[in-house]
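Keep in mind the model is a prediction, meaning the values are calculated, not measured.
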Amino acid sequence: QVQLVESGGGLVQAGGSLRLSCTPSGGTFSHYRMAWFRQAPGKEREFVGDITWSAGRTYVADSVKGRSTISRDNAKNTMYLQMNSLKPEDTAVYYCAASDRRALFTFATAYDYWGQGTQVTVSS
């Protein structure tokens, strides 16, 4: 069974940048949509953005719009979340997720597959 694996998290100062990556473990992406979510301690999982795997169409949530970009590299079988101008409120565990649905959904239950997350901590 294919699993999703996130990487690229770490500790950065406010205003810094990170690029998160998501790859399948033991296979290739075969889902219509790939998404990024994040979850801060004590809070619900929050939608960050997604991308359609085939066409590369993206949607980014207002909370990170203008600072973040979602992309994918089919040859490398990798999805990316480039985050710039990071703020302390961006601190969370970031998860990648996959859905076979064609329509865009921003709630976690619409996604069938998940990684285990990568920690992003933004200091003041």
Side-chain angles (χ1 to χ4, degrees):
Q1 182 81 351
V2 65
Q3 294 182 325
L4 305 179
V5 181
E6 304 93 341
S7 63
L11 174 63
V12 299
Q13 290 185 321
S17 299
L18 283 174
R19 187 178 71 167
L20 308 184
S21 300
C22 175
T23 61
S25 177
T28 58
F29 287 128
S30 60
H31 306 287
Y32 189 80
R33 290 187 179 275
M34 301 294 298
W36 288 99
F37 285 78
R38 65 185 182 184
Q39 188 167 22
K43 296 185 178 181
E44 294 184 348
R45 197 160 295 187
E46 176 190 18
F47 178 81
V48 177
D50 82 337
I51 185 169
T52 60
W53 192 251
S54 180
R57 295 186 296 271
T58 62
Y59 174 84
V60 178
D62 289 341
S63 59
V64 298
K65 190 175 183 179
R67 301 185 295 119
S68 300
T69 302
I70 295 175
S71 62
R72 88 272 191 262
D73 188 330
N74 290 347
K76 297 181 179 180
N77 207 29
T78 302
M79 177 180 65
Y80 302 100
L81 175 63
Q82 176 69 45
M83 299 188 292
N84 303 317
S85 301
L86 284 163
K87 305 174 182 179
E89 50 263 43
D90 295 318
T91 296
V93 177
Y94 283 71
Y95 299 88
C96 62
S99 172
D100 295 320
R101 304 178 67 89
R102 294 188 64 189
L104 170 65
F105 294 96
T106 60
F107 48 90
T109 54
Y111 295 83
D112 302 309
Y113 308 97
W114 294 86
Q116 293 186 303
T118 184
Q119 177 71 48
V120 172
T121 303
V122 184
S123 64
S124 301

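Residues V5 and S25 share a closest heavy-atom pair of CG2-CB, 3.8 Å.
Residues in residues 24-83 take part in no disulfide bond (SG atoms under 2.5 Å apart) pair, two or more places apart or across chains. Applying the side chain to side chain donor-acceptor pair (under 3.5 Å) definition to pairs two or more places apart or across chains, those involving residues 6-22 are S17-N84. Sorted by first and then second residue, the salt bridge (Lys or Arg N to Asp or Glu O under 4.0 Å) pairs with a member in residues 82-94 read R38-D90, R67-D90; sequence neighbours excluded. Applying the disulfide bond (SG atoms under 2.5 Å apart) test to pairs two or more places apart or on separate chains, those with a residue in residues 73-124 are C22-C96. Pairs passing the disulfide bond (SG atoms under 2.5 Å apart) check and including a residue from residues 31-75, sequence neighbours excluded, do not occur. Listed by first then second residue, pairs satisfying disulfide bond (SG atoms under 2.5 Å apart) with a partner in residues 28-89 number zero, not counting sequence neighbours.
Of the candidates V64, V12, T121, L86 forms a side chain to side chain contact (heavy atoms under 4.5 Å, CB included) with just one, namely V12.
Residues L20 and F47 fall into different hydrophobic clusters, defined by Ile, Leu, Val, Met, Phe, Trp and Tyr side chains chained together at heavy-atom separations under 4.5 Å. By the rule that hydrophobic residues join a cluster once side-chain heavy atoms approach within less than 4.5 Å of another member, L18 and V93 end up as members of separate clusters.
The shortest distance between side-chain heavy atoms of Q119 and L11 does not fall below 4.5 Å.
Scanning for side-chain contact (heavy atoms from CB on, under 4.5 Å) contacts around R45 gives F37, Q39, Y95, W114, with sequence neighbours left out. With sequence neighbours left out, the side-chain contact (heavy atoms from CB on, under 4.5 Å) criterion links K43 to A40. Applying the side-chain contact (heavy atoms from CB on, under 4.5 Å) rule to Q116 yields no partners; only residues at least two apart in sequence or on another chain are considered. Residues that satisfy the side chain to side chain donor-acceptor pair (under 3.5 Å) test with S123, not counting sequence neighbours, are absent from this structure.
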Please report, to 0.1 Å, the donor-acceptor pairs under 3.5 Å made by any side chain of residues 100-111, with sequence neighbours excluded.
residue	atom	partner	partner atom	Å
D100	OD1	H31	ND1	2.7
Y111	OH	F105	O	2.7

Between side-chain atoms of residues 50-62 and protein atoms elsewhere (two or more places apart, or another chain), which donor-acceptor pairs fall under 3.5 Å?
residue	atom	partner	partner atom	Å
D50	OD2	R33	NH1	2.9
T52	OG1	G56	N	3.4
T52	OG1	R57	N	3.0
W53	NE1	N74	OD1	3.4
R57	NH2	Y32	OH	2.9

*Walk me through it: do M79 and L4 pass the test side-chain contact (heavy atoms from CB on, under 4.5 Å)?*
CA-CA 10 Å; M79 177 180 65; L4 305 179; over 6 Å; no

